[in-house]
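Reviewing the structure listed below.
What you see is a predicted model; the values in this text were computed from it and never measured. Counting begins at 1 with the first residue of the sequence.
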Amino acid sequence: MFRQRGALTVITPLLMLLVILLGVMALDGARLFSLRKEMQSQVNAAATAAADAAQACGGRMIALSDMRQRALAAARAQGFEGGDDDLIITPGLLEDVDENGGLIFQAADFIDQTNAVLVSYQRDVKISLLLPEDIFGTVSVNVNAAVRKEAVVTMSAAGSTAVVGGGLLGALLGAILGDSDYTLDPTSLSSLANTTVQLGELLNALGVNDVAGLLPLSGQDLANALSTISGAATPLGRMLDSIVGAAGIETIKVGDILSVVGETEVPPNSEFPIYDVVISLVLNIVQSQQPGEGGLLSLPLNISNLNIPLLADIRTVDLALHVGEPPTVAFGPARRGQDGEWVTRFYAPDITLVLVADARLLNVDLLELVSLNLASVKVPLAVAVGGGKGELVAADCARGRINDAEVTVDLHRQVARVATGSVNSLGDLEQEDIDARVGTLKLLGVPLLDPAIRLRAGLDVFIPAEEKTVTFDPRYPLYCSRAQGCERRVWEDDGAGLDGLNLDVDVKEVRLLGLDLESLLTPVTNLLEDLLNGVVSSLLKAIVNPLLQTLGIGLGGMSVTVSGVDQSNIQIVENVTVAN
């Protein structure tokens, strides 16, 4: 009994000391856990605020100093009391997936390559507040958080607002379908111009789960899916059904039409205009049908309904189309890649139209016996628009009470050229002369005077390349009516246009009854020059420019459409893995 009483005398204080020690350790553990949680909350807030100033979301004016100010303000609002240098702010990319399916943060060399911000915070604290620091020491508490915030923009330069000349677009479709009688009625054209499709609808119609599964599919699959979405019995559905059977469509991939940046997560509710997709699909088909590199697709136009001044009669007008590069619909964020190039790029069509008009001016017929053609002219006219391209360079994301985004693009319009000539087998424009004849007299169909005066002339006009930065105004709304959808934001510029072109033809030769008498025929030459300028201008206005606008471009001009902006894919990763 006495032995046990002595043992308890020794053990009891030890047990009490152990209980107190464990209690202190539990309190210190809870304190350290709470401190870590508080620090994590502070870096989460700091990273979220700083991500607003990353390239993919910060708009046109971004800087590391802005990131730091945003981060510090948000952290202090969460109780951060450390010095400014205690928060380490690192701009970079949060997009690569590691072997375990997690996200990896990669620091960026330049701020314009960023879509995320990493905030790191370290504090050295006592292990215990009650126990001696000399014995138990200190511990470093390290936390970090990376936040990705970017706006994914859907944009194109394929002519959503330039839907003019339904007959010309119908003629183009007819040439592709091999149906010279094909027409595009106003109902179909209106449906085509005003319809948008959600990416999620397209994925469902094609039976794939994501964009990666969509892009390898064929243009035929795409046209079928759009027809299903539009309704096979609708005018738009019937038009898409007719495109499905076009020769060469099976060689086109959806990725040739819809351009998605890398691993960008395109939200299913992203919308794109069917018109832009159809134009891209059509021009891809034309490119595939061209007989050899640089070949031309002939367009059998019905021009009986065109009103061209100065022309008494048009005997023939042959029109051909060469496609150098079809347009694209692009999905992506506003930032540069590691190669220094902007990652989201879109293209306006690079095309050349070749028109050969054989016309009679001021023609006189007397009882079908005597035919006096005061002037006839053959105009081989080639228009190379050079296309253009654009890059998404800034997106000022919605934040706070601002529920819309500002979108900025850089545009590069290529050189356009209007010349008398044709296109060779390599796709290059070769100059040819206008052949004008004056004073052709026929009696009972037999030429008596053919011609009295013959004139050769040429035209070669360049519209220079131009670069321009465009910010869409008003800003793009992120939250729209489900029934009505979002409005499209369109920027259009006619460039030099027809009014800005100097269409004075260059007279190269004038002959009277086979003799070179140009100096003696100045009054006649001046009259013919005026007539030729009028004919060329009329052909451009009546045929060339409307068809170019239908395809999404004009002479020296370009149109760009923003049809969707989404920034719902914001991601925050605590204690993220940082790439070396």
Side-chain angles (χ1 to χ4, degrees), residues 154-177 179 182-199 201-202 205-206 214 217-232 234-259 271-289 297 299 321 323 325-331 346-349 351 488 490 546-553 559-561 563-564:
T154 304
M155 58 198 331
S156 55
S160 298
T161 61
V163 185
V164 296
L168 293 171
L169 183 58
L172 175 60
L173 293 175
I176 293 170
L177 302 174
D179 181 2
Y182 185 88
T183 58
L184 188 63
D185 59 81
T187 303
S188 298
L189 187 61
S190 175
S191 178
L192 179 62
N194 297 314
T195 303
T196 59
V197 172
Q198 285 193 348
L199 182 64
E201 290 181 295
L202 184 60
L206 288 168
L214 168 69
L217 299 178
S218 72
Q220 198 169 45
D221 295 326
L222 177 62
N224 272 321
L226 293 176
S227 175
T228 300
I229 294 170
S230 304
T234 65
L236 178 56
R238 290 193 296 270
M239 185 196 73
L240 288 164
D241 283 343
S242 63
I243 293 177
V244 169
I249 193 173
E250 68 282 351
T251 66
I252 299 166
K253 300 299 181 185
V254 174
D256 298 330
I257 298 166
L258 305 179
S259 174
E271 294 186 357
F272 54 88
I274 279 191
Y275 183 87
D276 289 11
V277 173
V278 168
I279 292 298
S280 181
L281 184 60
V282 164
L283 293 181
N284 271 280
I285 294 172
V286 172
Q287 190 181 48
S288 72
Q289 290 182 349
L297 177 69
L299 304 180
L321 176 67
V323 177
E325 184 173 17
T328 55
V329 178
F331 302 83
F346 53 92
Y347 299 91
I351 60 179
R488 282 175 271 177
V490 180
L547 186 53
L548 289 178
Q549 289 180 319
T550 299
L551 299 176
I553 46 181
S559 65
V560 181
T561 300
S563 55

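Between the Thr154 side chain and the Phe272 main chain, no donor and acceptor come within less than 3.5 Å of each other. Using modelled atom types, one side-chain atom of Thr234 and one backbone atom of Ser230 make a donor-acceptor pair closer than 3.5 Å.
Closest non-hydrogen pair, Met155 versus Val560, comes out as CE-CG1, 4.3 Å. Heavy atoms only, all atoms of each residue included: Ser280 and Pro327 are closest at OG-O, 2.7 Å.
Side-chain contact between Leu214 and Leu199 is present, with at least one heavy-atom pair separated by less than 4.5 Å. The side-chain heavy atoms of Leu206 and Asn224, taken from C-beta on, include no pair separated by under 4.5 Å. For the pair Ile229 and Ile274, the minimum side-chain heavy-atom distance is 4.5 Å or more. Between Leu240 and Val278 there is a side-chain heavy-atom pair separated by less than 4.5 Å. Two residues are said to be in side-chain contact when any heavy atoms from C-beta on lie closer than 4.5 Å; Ile243 and Ile249 meet this criterion. No side-chain heavy atom of Thr328 sits under 4.5 Å from any side-chain heavy atom of Asp276. You'll find the side chain of Val277 reaches within 4.5 Å of the side chain of Val329, heavy atoms only. Here the side chains of Leu547 and Leu321 are not in contact, with every heavy-atom distance at 4.5 Å or above.
Shown here are the side-chain contact (heavy atoms from CB on, under 4.5 Å) partners of Glu325, two or more places apart in sequence or in another chain: Tyr347, Asp350. Here Ser218 pairs with Asp221 under the side chain to side chain donor-acceptor pair (under 3.5 Å) rule; sequence neighbours left out.
In this structure, CG on Leu258 lies 10.5 Å from CG on Leu217, to the nearest 0.5 angstrom.
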